[in-house]
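Input: a single structure, listed below in structure tokens.
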Amino acid sequence: MNTVTDVLEAARLRIAEDAEPNRFLEVLEQGRMPGERLKWLAGELYHLVSSDRRSFALLASRFPDAPAGDLFLAMAQGEAQALDLLGGFASALGLTVQELRAYEPQPLAQAYPAYLARAALFGTASDTALALLANVAESTETYARVADTLVARYGFEERALEHFRYFADTPQALLDQATATLADGLAGGDDPVAAVRCAWTVHGLEAAFWSCLARGLGTG
């Protein structure tokens, strides 16, 4: 297991073993999501994206040479843009930037960005590159479904959902950079088993983020 194809396939297979329905999406698409939970979503995303921006900046400083440096700089800049776009969703919910900053995040909802910060500090460039590649399809689908449902079932305007649309469309150029970073890392001796473990853990903690926001709501 030392090629990009092999490692990516191993990560996807391990992730598929743990696949479960997204309870947040189920409740949302049933039209039963309380407005207060949407405010939770905005607050949790504010803290998550703020943390991820710093994590990708740290990765760019640890691995400054191309292709990794280019990838992680682009990802840090992307998180900054996403954070700015989140303001539209918050505003539609009646939340100010000050209220987003003051929001008290739920510990388990923030387990994913905490793990990413750990990977940024101690992991390899291959770890994060593989996590992106292995999870991008599910992640983009989730954000697209959230945006589509908020329009169709909750009456949000598209201009309030640019944050979700942004994460629902990962540029191919970024994925190409991630593939090159993974190939470069593997060629340089990065541990493919550790990279697969990172991708699998990221998947599990991203699922925990959504599950935490649906806690106690049931699915009808």
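It should be emphasised that the depicted structure is a prediction, and the values quoted were computed from it without experimental measurement.
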Testing the 3.5 Å rule here: is there a donor-acceptor pair between the side chains of [X] and [Y]?
X    : Y    : answer
D127 : T124 : yes
H47  : Q110 : no
D52  : Y112 : yes
R53  : Q77  : no
E26  : N22  : no

Could you tell me whether the side chain of V151 reaches within less than 4.5 Å of the side chain of F164, counting heavy atoms only? no
Atom pairs and distances, donor-acceptor, side-chain atoms in residues 189-202, under 3.5 Å, two or more places apart:
from	atom 1	to	atom 2	distance (Å)
D190	OD2	S126	OG	2.6
D191	OD1	V193	N	3.0
W200	NE1	D18	OD2	2.4
T201	OG1	R197	O	2.8

How would you list, by chain and number, every residue that makes a side chain to side chain donor-acceptor pair (under 3.5 Å) with E99, sequence neighbours excluded? T96
Greater than 12 external heavy atoms within 6.0 Å of L121's CG: yes
Hey, is CD on Q172 packed in by over 12 heavy atoms from elsewhere, all under 6.0 Å? yes
Contacts under 3.5 angstrom, residues 64-72 side chains, donor-acceptor by atom type, not counting sequence neighbours:
none

Would you say Y166 and L73 are hydrophobically clustered, going by side-chain heavy atoms of ILVMFWY under 4.5 Å? no
Return the OG1 to CD distance between T3 and E9, rounded to the nearest 0.5 Å. 10.5 Å
Could you check whether R153 pairs with E29 (Lys NZ or Arg NE/NH1/NH2 to Asp/Glu carboxylate O, under 4.0 Å)? no
